[in-house]
Peer 1: 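A single structure is presented below for examination.
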Amino acid sequence: TDAGTLITFVGPVAKRSSVQPAQQVFLPPTTAKQLAMLLRKQLLSYEAELGAITITNKMYEQIGIAPEDWPRPPGKEGPL
């Protein structure tokens, strides 16, 4: 099989009991890396301007990243 990343998007759940079907997109490794780099650039820019977005330690555990592995925006101090 081809290497790559499969991303699943789930739409908002309606107030009714029905759920929107999930949409899946396959990205080749280079495209997945480019997307991750662009998202990181935008997030760091946002945080540099408006302050860090905090997430819980449980969220870090769920995604397998330690808080110290995620850099703080330039010039910003304090908790992530």
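Worth saying up front: this structure is predicted, and the values here are computed from it rather than measured.
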Peer 1: Rounded to the nearest 0.5 Å, what separates atom NZ in K33 from atom CG in L38?
Peer 2: 12.5 Å
Peer 1: For L35 and L27, run side-chain contact (heavy atoms from CB on, under 4.5 Å): C-alpha distance rounded to whole Å, both residues' side-chain angles, the deciding distance at 0.1 Å, then the answer.
Peer 2: CA-CA 9 Å; L35 179 59; L27 299 175; 3.9 Å; yes
Peer 1: What is the minimum heavy-atom distance between T8 and Q24, and which atoms define it?
Peer 2: OG1-NE2, 3.3 Å
Peer 1: Given L44, which partner from the list Q42, K41, R40 fulfils the side-chain contact (heavy atoms from CB on, under 4.5 Å) test?
Peer 2: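 Single pass found, and it is R40.
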Peer 1: Using a 4.5 Å cut-off on heavy atoms from C-beta on, say whether the side chain of P67 contacts that of N57.
Peer 2: yes
Peer 1: Please check if L39 and M37 belong to a single hydrophobic cluster, counting links between Ile, Leu, Val, Met, Phe, Trp and Tyr side chain heavy atoms closer than 4.5 Å.
Peer 2: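 They do not share one cluster, since no chain of ILVMFWY contacts under 4.5 Å joins L39 to M37.
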Peer 1: Which pair of non-hydrogen atoms, one from I55 and one from Y60, has the smallest distance, and what is that distance?
Peer 2: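 Nearest heavy atoms, I55 then Y60: CG1-CE1, 3.4 Å.
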Peer 1: Would L43 end up clustered with L50 when hydrophobic side chains under 4.5 Å apart are linked, directly or stepwise?
Peer 2: yes
